[in-house]
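Everything on this sheet refers to the single structure shown next.
Since the structure is predicted, the reported quantities are computational estimates derived from the model, not experimental observations. When reading the values below, keep in mind they use all heavy atoms of this one structure, side chains included, and skip hydrogens, waters and symmetry mates.
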Amino acid sequence: MAVDDPRRGRELSLDEAAAELLRRLSPQVLGVLVRRYGDFSAAEDAVQEAIVAAVETWPRDGVPEHPAAWLHTVAARRYVDHVRSEVARARRERTVLDTTGRDALVGPPSDADVPRDDLLELFLLCCHPALSTSAQVALTLRAVGGLTTAEVAAAFLVPEKTMSQRIFRAKQRLREVGARFELPPEAEQSARLAVVRQVLYLIFNEGYSASSGPQLHRSDLTRRALWLTRRLHDRLPDDGETTGLLALMMLTEARSAARVGPDGELVPLTEQDRRRWDRRAIAEGSALVERALTTSAPGPYQIQSAIAAVHAEASTTEETDWPQVLALYELLERLAPNPVATLSRAVAVGMVHGPAAGLALLAQLESGILAGHHRLHAVRAHLLELAGDRASAATAWRQAAELAAGSDPERRHLLRRAAAASDSGRIEGDHQGSGMFTARQRWVPRRGL
């Protein structure tokens, strides 16, 4: 972990174990300060300054015996210094400070623990609906994920100054709308939690399939998204969709080692060495989704994780239970209709009922918002290859590569597929009909349908 010390203009570093400890403790301490003082912006700044102090002193003096209390004490002092500085310039702040009890301005003793878990309140505050999606992601990574502004900026490949301004504007906006550090009314919690899950999914998805740059997979982002989602699940163990999201991330990330080739190239699911999949993560993810589907009404993340579990069970693409995948995609479209789900269903339709049926479904998307998206052309190319039309498939692969302007590895993969389709003859054995598959329907939920 490295941060910039604003007082000395130099980079400071900390070993990974201590850095991870700081990331885990910082949102805990932030919650205590915001709950005590009510000012998210000032409290968040104070915690960031405390992190800088830790990075500066811990390598020299060692990690304190009670690191949470140490971090809280330093952050509280920084907060008080900030308030006093403001008081010197404005009478209103002086009044606030003078009417605050002195005991409230000091941290707990060094052996005190932080008893309350404010994680959910922090998530909801950072994902406040008054903020843009990019601001929600930035605040979540910084305030809950424990990343510095420089690390958040690096994660999304933008200059640190740009990210600093984004975070500053987000905190200003929270102040303007009077956002409070508390759980919203019960009637609003479901919608607010849906935003939190969406933000976590966006962080993970950007890491798993980077939208730009030379890397296909950003493990720093996928690890952070998994860590944050696991913490949310710890707070809400009975929330089916949070459980489903965690399972989806685990089952997807379990394939990451086999998804990237030795030169950083994309290896598609059909060509992956499944022996390299993380079976321990697959077992845990499958258990999570199975429990969620049997204890709560199915939701979109649960269904997506069930689809991932079906793929994880199969030792080859041909042994995948495609009828079950198709049934799950049909359910997903009923729960959360969107063209991306339809695009994925077209692949399953092609595998169960033949490529012509998949291409017919795909035609319904050609006039919609996916018309110019590279994934639509890539799925068409895949189905055309299954149908044996290699020349048309090559054209579709090239169209997909032209539209995949952001990700270098994905574009190179699409161009290789185009070249292979151009050089090869007709494939043998189209996947026609559904008789070649046996549907076990293990993952298709019976509840809530």
Any heavy-atom pair between the side chains of T57 and W70 that's under 4.5 Å? yes

Check the pair R411, D408 against salt bridge (Lys or Arg N to Asp or Glu O under 4.0 Å), reporting the backbone distance first and the verdict last. CA-CA 5 Å; R411 185 170 59 255; D408 296 338; 2.7 Å; yes

Which pair of non-hydrogen atoms, one from A170 and one from L131, has the smallest distance, and what is that distance? O-CD2, 3.5 Å

May I have the list of side-chain donor-acceptor pairs in residues 241-259 shorter than 3.5 Å, sequence neighbours left out?
from, atom 1, to, atom 2, distance (Å)
E241, OE1, Y301, N, 3.2
E241, OE1, Q302, N, 3.1
E241, OE2, Y301, N, 3.0
T242, OG1, R197, NH1, 3.3
T242, OG1, D239, OD2, 2.5
T243, OG1, H233, NE2, 3.3
T243, OG1, D239, O, 3.0
T252, OG1, L248, O, 2.7
E253, OE1, H217, NE2, 3.1
E253, OE2, H217, NE2, 3.4
E253, OE2, T222, OG1, 3.2
S256, OG, E253, O, 2.8
R259, NH1, Y208, O, 2.6
R259, NH2, Y208, O, 3.3
R259, NH2, S209, OG, 2.8

Check whether any side-chain heavy atom of L193 lies under 4.5 Å from a side-chain heavy atom of L236, and answer yes or no. yes

Can the ring centres of W277 and H311 be said to be less than 6.0 Å apart? no

Can you tell if the side chain of R235 reaches within under 4.5 Å of the side chain of E121, non-hydrogen atoms only? yes

Main chain of V267, side chain of Q272: is a donor-acceptor contact present, judged purely on distance under 3.5 Å? yes

Under a 3.5 Å distance rule, please check whether D263 uses its side chain to pair with a backbone N or O of E265 as donor and acceptor. no

Listed by chain and number, what are the side chain to side chain donor-acceptor pair (under 3.5 Å) partners of R224, not counting sequence neighbours? E20

Scanning both residues in full, the closest heavy-atom pair of S286 with A309 reads OG-CB, 4.1 Å

Sorted by chain and residue number, the ring pair (Phe, Tyr, Trp, His ring centres under 6.0 Å) partners of H128 (sequence neighbours excluded) come out as none

Side-chain heavy atoms of Y201 within contact of T229, under 4.5 Å: no

Heavy atoms only: give me the nearest A143-P27 pair and the separation to one decimal. O-CB, 3.3 Å

Note: P298 and L293 closest approach over all heavy atoms is CB-CD2, 4.1 Å

Among all residues two or more places apart in sequence or in another chain, which pass the salt bridge (Lys or Arg N to Asp or Glu O under 4.0 Å) test with R218? D220

Min side-chain heavy-atom separation I282-D278 under 4.5 Å: no

Sequence neighbours excluded and cut-off under 3.5 Å, please list the side-chain donor-acceptor pairs for residues 172-180, or say none.
from, atom 1, to, atom 2, distance (Å)
R175, NH2, S41, OG, 3.2
R180, NE, E182, OE2, 3.3

Can K171 and D45 be said to form a salt bridge (Lys or Arg N to Asp or Glu O under 4.0 Å), step by step? CA-CA 10 Å; K171 293 192 289 187; D45 288 341; 2.6 Å; yes

Testing the 3.5 Å rule here: is there a donor-acceptor pair between the side chains of S315 and R275? no

Do any N or O atoms from the side chain of R345 and from the backbone of Y329 form a donor-acceptor pair under 3.5 angstrom? no

Could you give me the CA-CA distance, side-chain angles and deciding distance for C126 and Q136, then say whether side-chain contact (heavy atoms from CB on, under 4.5 Å) is met? CA-CA 6 Å; C126 293; Q136 291 170 346; over 6 Å; no

Any side-chain to backbone donor/acceptor pair from R417 onto W397? Under 3.5 Å, distance only. no

Return yes if some donor-acceptor pair links the side-chain N/O of T162 with the main-chain N/O of V158 below 3.5 Å, else return no. no

Are H374 and E410 close enough, and set up right, to give a side-chain hydrogen bond (donor to acceptor under 3.5 Å, both in side chains), and what steps lead you there? CA-CA 10 Å; H374 72 280; E410 190 165 16; 3.1 Å; yes

Give the minimum heavy-atom separation between A138 and R166, together with the two atoms involved. CB-CD, 4.4 Å

R142 vs E44, salt bridge (Lys or Arg N to Asp or Glu O under 4.0 Å): CA-CA, chis, key distance, verdict: CA-CA 9 Å; R142 175 161 152 155; E44 205 269 338; 2.4 Å; yes

Would you say the side-chain atoms of Q364 and T342 include a donor-acceptor pair closer than 3.5 Å? no

Apply side-chain contact (heavy atoms from CB on, under 4.5 Å) to residues T140 and C127 and explain how you reach the verdict. CA-CA 7 Å; T140 299; C127 298; 3.5 Å; yes

Under a 3.5 Å distance rule, please check whether R274 uses its side chain to pair with a backbone N or O of A314 as donor and acceptor. yes

For the student: nearest non-hydrogen atoms of Y79 and L33, plus distance: CB-CD2, 4.4 Å

Under the salt bridge (Lys or Arg N to Asp or Glu O under 4.0 Å) test, residues paired with R280 that sit two or more places apart: none

